[in-house]
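Values reported hereafter were calculated over all heavy atoms of this structure, with side chains retained and with hydrogens, waters and symmetry mates removed.
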Amino acid sequence: MRDNFETIIVDPQEHLTWITLNRPEVANAFNTRMAEELRDVFGDFVSGARQARCIILTGSGDRAFCAGGDLKQRHGMSDDAWHAQHVVFEDLARALMDCPVPLLGAINGAAFGGGMELTLACDFAYAASHARFALTETTLGIMPGMAGTQYLPLAVGIRRAREIVFTGKPFNAQQALQWGLVNSICESSELVDAVRVVAQRIADNGPIAVRSARRALNHAAYAELKAGYEVELQAYNQTVPTKDRREGIAAFNEKRKARFQGD
């Protein structure tokens with residue numbers, strides 16, 4: 001089991017484990033290494049190699065929780081390279097689905113794209129008052145690919161989910177609270193302590209009871225989650241070989257508005 005990581009910090013504290021996305025210089029954006037490291041850590045929880053009664057997921061700094069995929073790394077990627085990278089993200093998504101430990105989000109800043117999908121994968125989340133959220137993929141010629149289309153309607157309702165995905169428009173923490181994406185809003189300086197208190201309360205309860213209740217609740221809400229994710233991946237993979245996907249990533253890196261042609 002690994003202890004040292006390049007892009008994340010894993011900090012076990014008695015019955016709690018803090019996982020911090022640690023690429024603040026790029027707003028904690030996902031590169032391949034971060035996805036691999038998160039996949040491995042959550043895989044360890046699935047296998048039982050790591051133990052905790054509650055996991056807290058947050059980001060370094062106060063600018064961003066996670067800005068999504070590292071689009072500089074993806075600039076100019078071939079279709080084959082893109083597919084190979086995305087398999088890592090898919091494995092991470094499945095490890096999050098299978099993780100038996102309650103997972104809390106401490107959303108310390110912007111959560112865009114894959115960062116918002118990580119928020120959705122948490123059992124529940126608290127957000128800093130300045131946090132902003134968006135599933136921006138359609139503005140880049142792609143679509144959510146880490147189960148965002150599956151989690152989101154259950155959190156905010158199908159009509160709101162369509163608006164969020166189709167427009168790619170950002171929204172603030174107050175809207176996220178009103179719509180059901182997050183459970184509470186905290187001042188930035190109070191976020192970590194607030195999440196620690198609720199995580200400790202969970203950890204103080206019977207661990208078998210909590211895990212059993214989590215499994216039953218997940219069945220009630222997500223019984224078809226994995227099957228739905230396969231549908232999402234089929235749709236996602238249709239966007240990868242398109243000219244629009246290349247144009248979207250190029251436009252982002254060139255800091256201009258994308259000109260999509262539907263090809």
Side-chain angles (χ1 to χ4, degrees), residues 19 21 30-32 34-47 55 57 65-66 68-70 74 79-105 107 111-125 133-166 168 179-182 211 214-242 245:
I19 300 175
L21 311 180
F30 270 114
N31 60 4
T32 306
M34 180 183 281
E36 290 171 342
E37 291 183 344
L38 285 170
R39 175 203 63 193
D40 292 348
V41 169
F42 281 101
D44 286 342
F45 282 112
V46 173
S47 71
I55 304 167
L57 182 63
F65 169 65
C66 176
D70 187 335
R74 286 179 156 185
D79 295 349
D80 288 344
W82 188 290
H83 281 299
Q85 185 199 49
H86 202 262
V87 167
V88 182
F89 287 85
E90 294 164 24
D91 289 343
L92 168 59
R94 294 186 180 100
L96 288 164
M97 292 175 192
D98 291 337
C99 181
V101 183
L103 175 62
L104 276 57
I107 312 305
F112 283 12
M116 182 166 153
E117 289 182 293
L118 282 179
T119 304
L120 288 162
C122 294
D123 287 295
F124 59 91
F133 301 85
L135 288 175
T136 54
E137 287 86 349
T138 57
T139 72
L140 302 168
I142 51 177
M143 59 167 281
M146 274 182 51
T149 65
Q150 305 305 299
Y151 288 119
L152 186 62
L154 292 168
V156 305
I158 186 62
R159 296 178 71 84
R160 184 71 69 184
R162 287 171 176 152
E163 179 184 14
I164 290 169
V165 173
F166 295 170
W179 296 343
L181 180 67
V182 301
R211 291 191 183 201
R214 183 179 186 272
R215 186 168 61 250
L217 286 164
N218 280 354
H219 180 77
Y222 300 139
E224 301 299 323
L225 178 62
K226 289 186 177 179
Y229 186 41
E230 294 306 313
V231 175
E232 177 180 293
L233 290 177
Q234 290 174 14
Y236 177 92
N237 285 330
Q238 290 177 355
T239 71
V240 174
T242 63
R245 189 269 295 175

* Asked: About how many Å separate OG1 of Thr136 and CZ of Phe112, when rounded to the nearest 0.5 Å?
  -> 7.0 Å
* Got a donor-acceptor contact below 3.5 angstrom from the Thr239 side chain to the Ala235 backbone? -> no
* Locate the shortest heavy-atom distance separating Phe166 from Thr138; write the atom from each residue and the value. => O-OG1, 3.5 Å
* **Heavy-atom side-chain contact between Tyr229 and Met97 under 4.5 Å** => yes
* Structure fact -> Value for CZ (Phe133) from CD1 (Ile164), rounded to nearest 0.5 Å, stands at 10.5 Å
* List the atom of Ala111, the atom of Thr119, and the distance in Å for their closest heavy-atom pair. => CB-OG1, 3.9 Å
* Asked: Quick one: does Arg74's side chain get under 4.5 Å of His86's, heavy atoms only?
  -> yes
* **Spacing of CZ belonging to Arg94 relative to CG belonging to Leu225, to within rounding of 0.5 Å** => 10.5 Å
* Asked: Any side-chain heavy atom of Leu21 within less than 4.5 Å of one from Leu38?
  -> yes
* Would you say Gln85 and Asp70 make side-chain contact, with heavy atoms under 4.5 Å? -> no
* Could you grab the distance from atom CG of Leu96 to atom CG of Leu57, nearest 0.5 Å is fine? => 8.0 Å
* To do: Scan residues 142-156 for pairs that pass salt bridge (Lys or Arg N to Asp or Glu O under 4.0 Å), counting only residues two or more places apart or in two chains.
  => none
* Closest non-hydrogen atom pair between Asp123 and Pro102, with its separation -> OD2-CA, 3.3 Å
* To do: Compare all side-chain heavy atoms of Leu103 with those of Phe45 and state whether any distance is below 4.5 angstrom.
  => no
Would you tabulate the side-chain donor-acceptor contacts of residues 140-163 under 3.5 Å, counting partners in other chains and residues two or more places apart, or write 'none'?
unit_1	atom_1	unit_2	atom_2	d
Thr149	OG1	Glu232	OE1	2.4
Gln150	NE2	Gly228	O	3.4
Arg160	NH1	Glu163	OE1	3.0

* Asked: How far does CZ of Phe42 sit from CD of Glu37, to the nearest 0.5 angstrom?
  -> 12.5 Å
* **Results of salt bridge (charged side-chain N to carboxylate O under 4.0 Å, His left out) for Arg245 - residues two or more places apart only** => Asp79
* May I have the step-by-step check of side chain to side chain contact (heavy atoms under 4.5 Å, CB included) for Arg215 and Asn218, ending in yes or no? => CA-CA 5 Å; Arg215 186 168 61 250; Asn218 280 354; 5.9 Å; no
